[in-house]
Amino acid sequence: GSSSKSSSKSSSSASSSAAGSASSSGAASTNTAACGSKAGAPATGSPINIGTIDTHQPGTDFTDGPNMITAYFNCVNANGGVHGHPLKLFVQLDQTQPSQVAAAAKQLIQSDHVVAIDGVFDLLECTIDQSFWKQLGIYEMDAGIAPECWSTPNSAPVNMGPRYSSDGAVQYALNSVHASKIVFVQSNVPGTGYIAGGPAALAKAAHVPITELTENVPITDASSVAVNLVDAAGANGSVVLNFTPPEALVILQAVQKLGLEDRVKSWGCSTPCDTDFLAKALGPKWNHKLFVNAEAVDADDHNGPEIQLYKAILAKYGSSVAGGIGSFSQFGFLLAKFLVQALDTVKGPYTMKSVNAAIVGIKGYHSEQLCDPWTYGKLALHIPNNSDYTVTPDNGKMITAQGCTQISAADPQIAQYRSVAKAHGVNLG
Amino acid sequence: MIEVSELTVRFGGVTSLDGMSVRFEAGTCGLIGPNGAGKTTFFNVLSGFVRPAEGHVRAFDEDLLSMAHFRRARWGLRRTFQTEQAIESLSVYDNVALVHEHSKLGRANRRGEVLDAIEFVGLRDVAYVKVGTLGVGSRRLVEVARAVVGKPRLVLLDEPAAGLPDAETAHLGELIRRIPEHSEALTILVDHDMSLVSSCCPVTAVLDFGKMIASGPTADVLRNEQVVRAYLGAEEFQ
Amino acid sequence: MSTAELQSATPLATPPSAPRRVERADLVRTMVIAVLLVFVLIGLPQMLSVYYIDSMTQVAIYSVVALGLGVLVGRVGLISLGQAAVLAIGAWVAARLLFATSLPYEVVLLASGVITMVLGTLVGLPALRMRGLYLALITLMLAGAITVALASLNFPNGGHGFSGYNGTFVHIPSLRRPGIATTDPAYFRYSVIVAALMFLLVLAHVRTRPGRAWAAIRQSEPAALAAGINTTLYKLWAFALASFITGVAGGVLAGAVRYLYSIDFQTQDSITLLAVVLMGGAYSIWGAIVAGLLLQLLPAILNNAGVSPDWLIILFGIGVLQVLTTAPRGIVDQLPRDISRLGRRLGGLTRRSAASHGEAP
Amino acid sequence: MSGALVLRDLVVSRGGRDVVRNVSVEIAPGEVTALLGPNGAGKSSMVLAVGGVLPLKGGSVMLGERELARRRPEHIRRAGVAIVPEGRRLLPGLTVEDNLRVATYALSNQDAAAGRARALELFPELDKRLGTQARALSGGEQQMVVLAQALVSAPRFVIIDELSLGLAPVVVQRLIPTIRTVAESGVGVLLIEQFASVALGLANRAYVMEGGRVQYSGSAQELQDNPDLLHSAYLLRGLGDGGSAGPTDRVPAGG
Amino acid sequence: MHALLVMALSLPSWQDEQPFLVTGLALGGVYALSGVGMIVLYRTTGVLNLSFGAAGAFGALIAWQLINHSGMNQWLAYLVCILFAGVVTLAYGMVFGRRLAGRDAVVKTTATLGLTLILLGAMDLLWTSNGGASRAITLPTDSHGFMIGQVQVTTTDVIALAVGIAITIITTAFLRFSKLGTAMRAMANDREITATLGVPVRRVEAAAWFGCGVVAGIAGILLADLVALDATTLTFLVISSLAAALIARLSSIWITFAAAIVVGVVDATLTPITSLTNYRDMTPFVLAAAALLVLNRKRVLSLARQEF
Ligand SMILES: Nc1ncnc2c1ncn2[C@@H]1O[C@H](COP(=O)(O)OP(=O)(O)OP(=O)(O)O)[C@@H](O)[C@H]1O
Ligand SMILES: Nc1ncnc2c1ncn2[C@@H]1O[C@H](COP(=O)(O)OP(=O)(O)OP(=O)(O)O)[C@@H](O)[C@H]1O
Ligand SMILES: [Mg+2]
Ligand SMILES: [Mg+2]
């Protein structure tokens, strides 16, 4: 059995910050009040424990996600909680070691007694813990990378993930740029091999030749890579990158340095390239030359009530969100919002069973940040975010190049999801 | 008995041994010569660290040079080094046992024979002490013990008394004189201390510029004019 | 090392009866170790949460890896900066066999040990010509090359062909564990037993002929040769032994983590491995366990306390510098001295208090 | 040149143990001073401490008015005190030529060339070895290099630990008049030597050290005439206890 | 045989290889810069400074911080970077380098791994790649350049190669013609003895450490521009230079230069060969391993005591 050792790790100090916010008043608190049911009333009931597992290692830090969830929870707790119950997030960090990820899951369940898993931003977690969650009847909500995040019954992500985002970028090159050839390049980090399957299927369906390349990361000779990509694509081809922002930037800058932007018809990139930083770092030559698949709206450009709430929470509770506004905290916000919305539907005690029943029952939750409403459902696989849009740099900013578009069902995984979702009664746009 | 014929060693442009020929019969023999004459090089050839360009060495009717270097110890060749090489992290006992267990001798009597060698050099009291904690004199004795343990056939001592004061040199000399009776080995002693050499070695050979310039009964050799000129210097020894 | 060792040596006044005493001390030590082992096997899993059981499993595994490196570094004087790559080979082989066959787990462990031994010795073969800095650097180079190769080749994930890797899987199957040790506490015990066997294997080497031969080689190769030691053989032997136990550790690791990724075997890991081995004490068997604890338990504790893993790296860096400048024989050498001083003081206290109790009428 | 090199009350600790205890030695310019003693007496430790290589725990090293104790080795060398540590410590990876060049680092190019020429005059054996790496030299040749390094660099005081170590008798004989000439030119020489006869033959004054203390000091002649004196100093410590391993904590009588 | 044939057939043409040659030469130039910097220190102190890359990376990140968050003039920021790397390396040398001076080369080298780990940890702590944020240093010279035939060559490429050549010439001349050069080599052999011979060892070694650090800083900025501004990447990029230094047996500066260029060029020109492209990062390892094995054919027995 497990010891009764109390863990003093990075759980949200919900009560203290809730008390703090109660005394402070003003514009911010009225803005953030929308996150809870009773504005300004701190939650005092027994806490509802939520767990998450996130990658945090030298070079890869995904903690902005859970930190944003904690910020959201603090906001909720200061404004009535969930039926008076405060939310408490237990965060387990890992260094991409499988054993650690497995141990973290057990720690959350056995020592921290969490009732749900929400907000997993991790490189491996979906793969490793799937069978454990299934065994316990837990339905996790995450923003993942590992294939199991989308291909298993007990996981549903808010993000689109590298494969379907790459699909989107390739789809744009095929349908909108009309490239006569696709060069799809990504890192050869293990476990990412499955991604190329989507772009390959799309290109095949369009009868366009596709070359799939992998590069060792970190990239140490970006110029060589750049030249190689341009040579491979040819003047009427498109190059589509699927890398993390630093790697993508390194390649695109090398392209720029060597003056190769115009040697191909267009450049494409999966979601990670969707940052203003990249737009700024690249010159105006890239305007309408680079097309980036965007999974969620650009928070800087939008100002609906949800985005306003997001920014207000970030300002008031999000001091630990190091990156500020960005896709990690946006997804963190969404994961928290959907969970709270689901918890609100629970009648009676918050047990693992009742809470997970509510989570798996999520259907058609709307968000300003996503193209389609979000649904969980007892499905064999979950790709609830499968429709998005495309952005392009425009003098230092990313602007929309194409509005919401469904990812092509030429990718067999998407086709399979659509058929099971349809059977489940999910309305897909 | 060891017979060396036409042994030549070259290092790049340097000829350290130049057609050296000599015969050591039995007992303790001295090998002297000026600095850089090739004495250590000769020992290195015998132990296999240096491959000669030409020449043969027959020891007890076996071709020594065709043997792999580590096999020579098994065969019965032992040596000490000009820069002492006792193994610091092991005890005196283990230092000696190490040599014993890599020789052809059986393990049945190992402990006895090892302790016997340690007793022989007079280190019984510190037999289980780590060599690293011992002083220079004792370390040299450890090397001697390693050289005489078991049944060596050929013992090579390279300046064992260098840096030892008179009293300890005397003790060492006594040990060297008793090696033949202790283990019946042919012993070759290199040293620049003529009193040690003449007290230990009935016969002595002299090497100069890689060539033998004299050999025979020690007293005669030390009076040899050529030896006096090349090695001993004018006034010494009468 | 020579100066350091001399400095740490107090002027001895060892009584001639030392060997007898040593034997008694040996007996006591064996008993203590046995009790400790029984506690670790039976008591520990009851006391720890699953989180720590898993990290203790890792400690057992990495102790064996550290032990292998310790044999090379501490015993023979061969610095290897490529042991993480050797571990990766062991894990790769085990994973391949686990997916491809239904052999008993123990057979897989043995096989991965033996195959890693062959490969490790092959690596050692050319490396035998060099020592010191060059050997350290060539192993670093080889480790780097193996890392790059593994990144391209990937770890087996149940696919077919030589590499056993299928990149298109949207479902990655996990590696199996031995039938008798499917749960985490059971697998922990299993790992400890395997580790204990590896320690015994090394002990059997270190205490006997090869151990003495290695000590001779470490100090001076010519002296070793002159003592009749086949230095090539014994150096290869050390490489073989270290690779074997590291290979077995790789096999245990495969079952412990159940999913293997090449990101878990970076060139940098070989460096941290050397760092902790030096910190623990490369000269001692206990040093290996300390190294294992430093490498696996400490991160788990810090992680649980919410301390950034970057601090751990900094800590290891400071540790290496501290150990190399002030305590070349590692923590295990310093700690016992401090502890025995403490023990003596405590012993004095209890004896005194016992005496006063006895005097009381 | 005036003023002696005065070592006063030197204390040197090694491995947590005082191996040199309150040793006072005076090295007069223009003279040879001998320092004798059994293994482990602390002679070499004292030399290293004077040279700034080992830390001095106590005492002073006065060169005229200048305090040299606890200065760095290169300062001490530049002040004119050259040491030859025991054990043929040369620069093994450098050629003989470069070994000599480093030794004349502080001299002008002209003086350096002269020094090199003098070294080869002193040890003609080295002439053919100039391009050889020092580690490949024979033991005696290495000893010649370290002696040359000290002698060619125009020191005011030389301290030589084990002058004749590994040298052929003929070389030692050649060295004796050289040392004498060096001393006569005004240099103060401290000789540590296992062949007592060699050292005492050269020296004016002599010291005998045992167990880290000076047990005798007086004229070299007196020691030479009364070998018993020397032996009584040596034998205070009993023979055959395994060199320097024996406990030296007992405070010997006298001193 | 068959595989060889296939490879030969898929070899890219000279025309295709040209751009790769340019990038290879630029990278090779920086590798040479680093390699020579490391060798000079090694020949002086016997330390193979494995923290070379980390010090440069740290400096480059500081420069980035100053430029992007403090609005400092970029040239000033690069100067700060170079000084930082110099000072960190110097400080290490003065504190630890000196205390370890008498130890075996492998111990001294291992100790620099300690510094590497500290710098690496600190960099990750201070500049986490949070949310995948990326940083870059773009030298103004990136946007200048010229064409050779079809190939774009930037001024940065030219500078990289030129700096590599310059340092090679300067250090060779320095070590050959100054007596300081001999003194430096003497120190690597035995610092104590060199000091007793009257060489001002502290000054000489301080100069060597600082010089090494400065070179690390320069290399850091150039590599941050040419490769990427990423702590781990830059820290371990030192392995390529290390390979070059090893091929030169840690002694010849010219061979280091040549080997560095070869490593850079081979690595780059393998890119378009599809069957090898993913393995091209093994170039430094393979070249160094092969060179060491060939060069070390002759067995040397040394009586020197080894540490560990
Ligand atoms: N590896 C080598 N490379 C070049 N020259 C060498 C090498 N080994 C020895 N020599 C040279 O060979 C000659 C003989 O050396 P050796 O060590 O045999 O002399 P020795 O008779 O033992 O002299 P000593 O009495 O001084 O020890 C010396 O001149 C030495 O410089
Ligand atoms: N590195 C060391 N660490 C600890 N103790 C040492 C060390 N070197 C020498 N000693 C001890 O210091 C004492 C004095 O040694 P030192 O070498 O100075 O004597 P010595 O008079 O020069 O003897 P020798 O005639 O053997 O050269 C000895 O007891 C020796 O054991
Ligand atoms: Mg010799
Ligand atoms: Mg001495």
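Chain A is the first sequence line, chain B the second, and so forth, proteins listed ahead of strands; every chain is numbered from 1. Being a predicted model, the structure only gives us computed values, none of them experimental.
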Sorted by chain and residue number, the disulfide (SG to SG under 2.5 Å) partners of E/C81 (sequence neighbours excluded) come out as none

Scan the side chains in residues 328-335 of chain A for donor-acceptor partners under 3.5 Å anywhere in the protein, sequence neighbours excluded, and list what turns up.
{"unit_1": "A/S329", "atom_1": "OG", "unit_2": "A/Y310", "atom_2": "OH", "d": "2.6"}
{"unit_1": "A/S329", "atom_1": "OG", "unit_2": "A/G324", "atom_2": "O", "d": "2.8"}
{"unit_1": "A/S329", "atom_1": "OG", "unit_2": "A/G326", "atom_2": "N", "d": "3.4"}
{"unit_1": "A/S329", "atom_1": "OG", "unit_2": "A/G326", "atom_2": "O", "d": "3.2"}
{"unit_1": "A/Q330", "atom_1": "NE2", "unit_2": "A/V297", "atom_2": "O", "d": "2.8"}
{"unit_1": "A/Q330", "atom_1": "NE2", "unit_2": "A/Q369", "atom_2": "OE1", "d": "2.9"}

Residue from E/T233, E/L223, E/L125 scoring the most non-hydrogen pairs under 4.5 Å with chain A is E/T233

Look up atom OG1 in E/T271 and atom CG in A/L229, then write down how far apart they are to the nearest 0.5 Å.
-> 10.0 Å

In chain order, what residues pass the side-chain contact (heavy atoms from CB on, under 4.5 Å) check against E/D142, with sequence neighbours excluded?
-> A/K257, E/T138, E/L139, E/T156, E/D225

Looking only at non-hydrogen atoms, find the nearest pair between A/N228 and E/F20 and report the distance.
-> N-CZ, 3.8 Å

Atom pair CG/OG of E/L270 and A/S224 - distance to nearest 0.5 Å | 9.5 Å

Residues in residues 23-31 of chain E near chain A [non-hydrogen atoms, under 4.5 Å] = E/T23, E/L27

Can you tell which part of E/A231 gets under 4.5 Å to a heavy atom of chain A, answering side chain, backbone, both or neither?
-> neither

Among A/V225, A/T214, A/D231, A/I219, single out the residue with the greatest number of heavy-atom pairs under 4.5 Å to chain E.
-> A/T214

Applying a strict 4.5 Å limit to non-hydrogen atoms, the region of A/Q256 in contact with chain E is neither

